[in-house]
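A short worksheet on the structure shown next.
Side-chain atoms are counted along with the backbone in the values below, which use heavy atoms only and exclude waters and symmetry mates. Numbers restart at 1 for each chain; the letters A, B, ... are given by sequence-line order, proteins then strands.
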Number of protein chains: 2
Amino acid sequence: MVMELSNYSKIFKALSNEQRLKIFLTIYRQCQTSGVAKPTAGFTVSGDGPCCLGDGSIDRAFTKMCDCMDLSRSTISHHFKELQNAGLITCVREGQNFRCRVNQDVIDAIKAFLG
Amino acid sequence: MVMELSNYSKIFKALSNEQRLKIFLTIYRQCQTSGVAKPTAGFTVSGDGPCCLGDGSIDRAFTKMCDCMDLSRSTISHHFKELQNAGLITCVREGQNFRCRVNQDVIDAIKAFLG
DNA sequence: TCGAGTGTTCTAATTATCTCGAACTATACT
DNA sequence: AGTATAGTTCGAGATAATTAGAACACTCGA
């Protein structure tokens with residue numbers, strides 16, 4: 001996957017906000033295509049328990065995330081859009097909610113980019 | 001290497017600016033500890049030739065980077081500081097100049113973080 | 001169809017980032 | 001010492017990011 005440098009900076013920017021990074025990790029860990037939770041290695045989140053989404057999906061993500069992240073719906077919506085815009089996640093509507101998944105290609109591209 | 005989530009967002013923030021990312025790549029590709037240029041995979045830089053630093057080191061980096069990146073010395077200095085602050089690079093003074101290297105541990109931590 | 005729940009869009013305020021230029025400090029060479 | 005070269009710090013302006021709240025639109029169940 002070959003991208004412009006500006007794409008990479010855009011991706012890094014999407015992950016540069018701690019709240020947004022938390023959202024991304026929630027999706028990444030709980031909503032893998034394999035259905036298996038993929039633990040993201042080597043980090044701790046001080047003062048925070050696991051996000052309240054624990055049913056293996058991120059249905060009703062926005063509202064639930066509002067509760068556990070102390071951010072408004074509009075802010076969470078904006079963060080989701082940023083992540084989508086960077087190509088990191090894809091969301092498809094399922095009724096009232098969304099089903100989101102991480103684009104593994106992009107993750108792999110970042111890792112390749114970093115050597 | 002276990003870090004707080006905030007450390008990761010800090011690292012991503014450091015790489016989120018395209019100019020700074022360009023600086024980082026210049027160091028990464030030309031200043032590896034092995035002494036071997038490490039090509040960073042999977043990206044193109046539209047409209048830009050290779051950075052003018054082509055002698056295998058980044059001596060006189062600031063001034064040269066000013067020339068080829070069209071940024072002032074103070075701005076470049078600031079960007080270097082950001083990269084150091086995030087732990088991505090380490091710079092030691094050598095006379096009038098600096099010798100910089102990328103902290104491979106941090107790069108590896110990012111890759112592990114991304115699964 | 002009405003109400004509750006969910007996500008979006010717009011607006012606005014606060015805060016942070018990027019950048020430069022000027023003045024400054026440090027080093028090297030003569 | 002004097003000069004040239006290198007990088008730093010400070011101040012300030014412009015631009016961008018973060019966030020909330022209000023008003024809106026969509027979906028589902030009764």
Please determine if a side-chain N or O atom of [X] lies less than 4.0 Å away from the OP1 or OP2 oxygen of [N].
X       : N      : result
A/His79 : D/dT19 : yes
B/Lys81 : D/dG7  : no
A/Ser72 : D/dA20 : yes
B/Lys13 : C/dA16 : no
A/Arg20 : D/dT18 : yes
B/Ser77 : D/dG7  : no

[atom1] of [X] versus [atom2] of [N]: gap in Å, rounded?
X       : N      : atom1 : atom2 : answer
A/Phe80 : D/dT18 : CZ    : C1'   : 17 Å
A/Arg73 : C/dA4  : CZ    : P     : 14 Å
A/Met69 : D/dA20 : CE    : P     : 10 Å
A/His78 : D/dA22 : NE2   : C1'   : 18 Å

For B/Phe113 and B/Tyr8, take the angle between the two ring planes, folded into 0 to 90°, and tell me which bin it lands in: parallel under 30, tilted 30 to 60, perpendicular over 60.
parallel

With a 3.5 Å cut-off and no angle check, do the side chains of B/Ser72 and B/Thr75 form a donor-acceptor pair?
yes

What pair of heavy atoms forms the shortest contact from B/Ile23 to B/Phe80, and how long is it?
CG2-CE1, 3.8 Å

My understanding is that only one of B/Ile107, B/Leu88, B/Asn85 makes a side-chain contact (heavy atoms from CB on, under 4.5 Å) with B/Ile11; could you say which?
B/Leu88

Measuring from the side chain of B/Phe98 (C-beta onward, heavy atoms only), which nucleotide among C/dC18, D/dT8, D/dT27 has the closest atom?
D/dT8

May I ask you to verify whether the side chain of A/Ser74 and the base of D/dG21 hold a donor-acceptor pair under 3.5 Å?
yes

